[in-house]
Amino acid sequence: MTDTPGPLESHPNDAAKPRGDGLRRTAVALLVIGVIVAAIWWLESREDPGVSPGGERYGPIALPATLNTAGLKVAPEQDALAPDFLVESLDGSEVRLSGYRGQPVVLNFWATWCAPCRKEIPQFVDAYQRFRGDGLVVIGVNLQEGKSIARGYVEDYGMQFPVAIDVDGEVGDAYRLLGLPVTYFIDGEGVVRGVFTGPFEERAGDTEVRGAIEQSELEQRIAGILTTEATP
């Protein structure tokens, strides 16, 4: 007598595994697509910086050949030539970094939503008032905010130096910004002599005499570019 084989036993777990793997693969694919779509949307939503009255597009521009120094590269780093840019200021005029060649420049990237930026602004205001007679230029580049937003802060803090708007963030990209605030110290030759990431802390002297003698970190760095003379 032969045995009749019984029904094969089913194993639900075996059937579920392929289905679960398929769902995971689908979820990962959807996630990747979502990230790509979000990146495309972000890039396309960046505001067009516009063009200057002279027909030049605002943003990073090539450094004029006459201002290139032999043996130095153009890069946002110490001992390199500062990348040139053209942006519109709050009053509608143009701010071209290379236009200040021959003068020491403090280039500060900031935004109104950045609390450390707001905290250090008074130091830049004071430094500009103190050293402008020595030829110091301070340029505040607001990162991707509208004029109406930045203007209120500029007026409240008494920022009398040029304040420009990096509308689409391309200048910030050229300077490889990873956060705010960031300040570049550029001498009269257009060479970056120092980069300071983060806010400058206010000087806290123990006495008025000590406060009068000691220089703040910001003042020390400014002194470094004031003493570097540009080649005529």
Side-chain angles (χ1 to χ4, degrees), residues 46-68 74-76 80-112 114 117-118 120-121 123-125 127-129 131-177 180-196 218 221-222 225-226 230:
R46 296 177 82 176
E47 217 175 316
D48 190 297
V51 296
S52 70
E56 290 183 87
R57 186 176 184 276
Y58 289 128
I61 57 176
L63 187 67
T66 55
L67 297 181
N68 264 307
V74 178
L81 291 169
D84 202 6
F85 59 80
L86 176 66
V87 286
E88 185 179 13
S89 69
L90 282 182
D91 62 9
S93 60
E94 295 180 0
V95 176
R96 186 189 301 268
L97 181 60
S98 60
Y100 296 99
R101 181 61 66 90
Q103 296 175 270
V105 175
V106 174
L107 178 63
N108 175 250
F109 288 90
W110 68 287
T112 63
C114 168
C117 299
R118 298 195 303 270
E120 71 175 1
I121 285 177
Q123 292 192 69
F124 289 104
V125 172
Y128 180 63
Q129 293 298 330
F131 297 108
R132 64 187 300 184
D134 297 320
L136 180 71
V137 174
V138 176
I139 302 175
V141 179
N142 176 275
L143 200 64
Q144 291 183 276
E145 294 186 298
K147 289 184 179 181
S148 60
I149 297 175
R151 183 173 284 111
Y153 283 84
V154 170
E155 293 173 352
D156 289 345
Y157 285 100
M159 301 165 70
Q160 298 181 6
F161 46 81
V163 174
I165 307 294
D166 183 15
V167 175
D168 63 352
E170 287 190 359
V171 176
D173 290 345
Y175 274 80
R176 305 172 189 168
L177 299 186
L180 293 175
V182 178
T183 306
Y184 291 82
F185 295 85
I186 305 167
D187 67 16
E189 294 281 0
V191 178
V192 178
R193 294 302 179 186
V195 182
F196 192 90
L218 177 59
R221 289 175 177 266
I222 288 175
I225 57 175
L226 285 176

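Given the structure is predicted, the values throughout are model-derived calculations rather than measurements.
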Report task. Rounded to the nearest 0.5 Å, what's the gap from CD1 on Ile121 to CG on Asp156? Could you check? Result -> 10.0 Å
Query raised in the report: Who pairs with Tyr100 by ring-ring contact (aromatic ring centres under 6.0 Å, His included), at least two apart in sequence or on another chain?
Result: none
Query raised in the report: Which atom pair, heavy atoms only, marks the closest approach of Met159 to Tyr153?
Result: SD-O, 4.2 Å
Query raised in the report: What's the spacing between Asp168 CG and Arg57 CZ if we round to 0.5 Å?
Result: 5.5 Å
Query - Euclidean distance, Arg96 CZ relative to Glu56 CD, rounded to 0.5 Å - result: 4.0 Å
Query - Under 3.5 Å: donor-acceptor pair, side chain of Arg101, backbone of Leu67 - result: yes
Requested in this report: Begin with the C-alpha distance, continue with both residues' side-chain angles, and end with the deciding distance and a verdict on side-chain contact (heavy atoms from CB on, under 4.5 Å) for Phe161 and Asn108.
Outcome: CA-CA 11 Å; Phe161 46 81; Asn108 175 250; over 6 Å; no
Query - ring-ring contact (aromatic ring centres under 6.0 Å, His included) against Phe131, all qualifying residues, sequence neighbours excluded - result: none
Query raised in the report: If you measure from NZ on Lys147 to OG on Ser89, what distance do you get to the nearest 0.5 Å?
Result: 7.0 Å
**Report entry** Phe185 vs Leu218 side-chain heavy atoms within contact, under 4.5 Å
**Finding:** yes
Report task. Taking the side chain as every heavy atom from C-beta outward, state whether Asp84 and Pro64 have any pair of such atoms under 4.5 Å apart. Result -> yes
Report task. Step by step, work out the side-chain contact (heavy atoms from CB on, under 4.5 Å) result for Val87 and Ile165. Result -> CA-CA 7 Å; Val87 286; Ile165 307 294; over 6 Å; no
Report summary line: On a heavy-atom basis, the closest approach of Glu189 and Asp187 is N-OD1, 2.9 Å
Query raised in the report: Hey, do the aromatic rings of Phe109 and Tyr175 have their centres closer than 6.0 Å?
Result: yes
**Report entry** Residue pair Trp110, Leu180: steps toward the side-chain contact (heavy atoms from CB on, under 4.5 Å) verdict
**Finding:** CA-CA 6 Å; Trp110 68 287; Leu180 293 175; 5.7 Å; no
Requested in this report: Search all heavy atoms of Arg193 against all heavy atoms of Ile225 and return the closest pair with its distance.
Outcome: CB-CG2, 3.9 Å
Report summary line: Tightest non-hydrogen contact, residues Asp91 and Ser93, listed as OD1-OG, 2.6 Å
Requested in this report: Mind listing the closest non-hydrogen atom pair of Val95 and Pro162 along with its distance?
Outcome: CG2-CB, 4.3 Å
Query raised in the report: Under the 3.5 angstrom rule, does the side chain of Arg176 hit a backbone N or O of Pro76 as a donor-acceptor pair?
Result: no
Query raised in the report: Atom CD1 in Ile222, atom OH in Tyr128: separation rounded to 0.5 Å?
Result: 12.0 Å
**Report entry** Worked verdict on Glu170 versus Tyr58 for side-chain contact (heavy atoms from CB on, under 4.5 Å)
**Finding:** CA-CA 9 Å; Glu170 287 190 359; Tyr58 289 128; over 6 Å; no
Just distance, no hydrogens or angles: give the donor-acceptor pairs under 3.5 Å from side chains in residues 136-143, sequence neighbours left out.
from   : atom 1 : to     : atom 2 : distance (Å)
Asn142 : OD1    : Glu145 : N      : 3.2
Asn142 : ND2    : Glu145 : OE1    : 2.8

**Report entry** Validation row: Pro83, Pro60 side chains within 4.5 angstrom (heavy atoms)
**Finding:** no
Query raised in the report: Closest heavy-atom contact between Ala82 and Ile186?
Result: CB-CD1, 3.7 Å
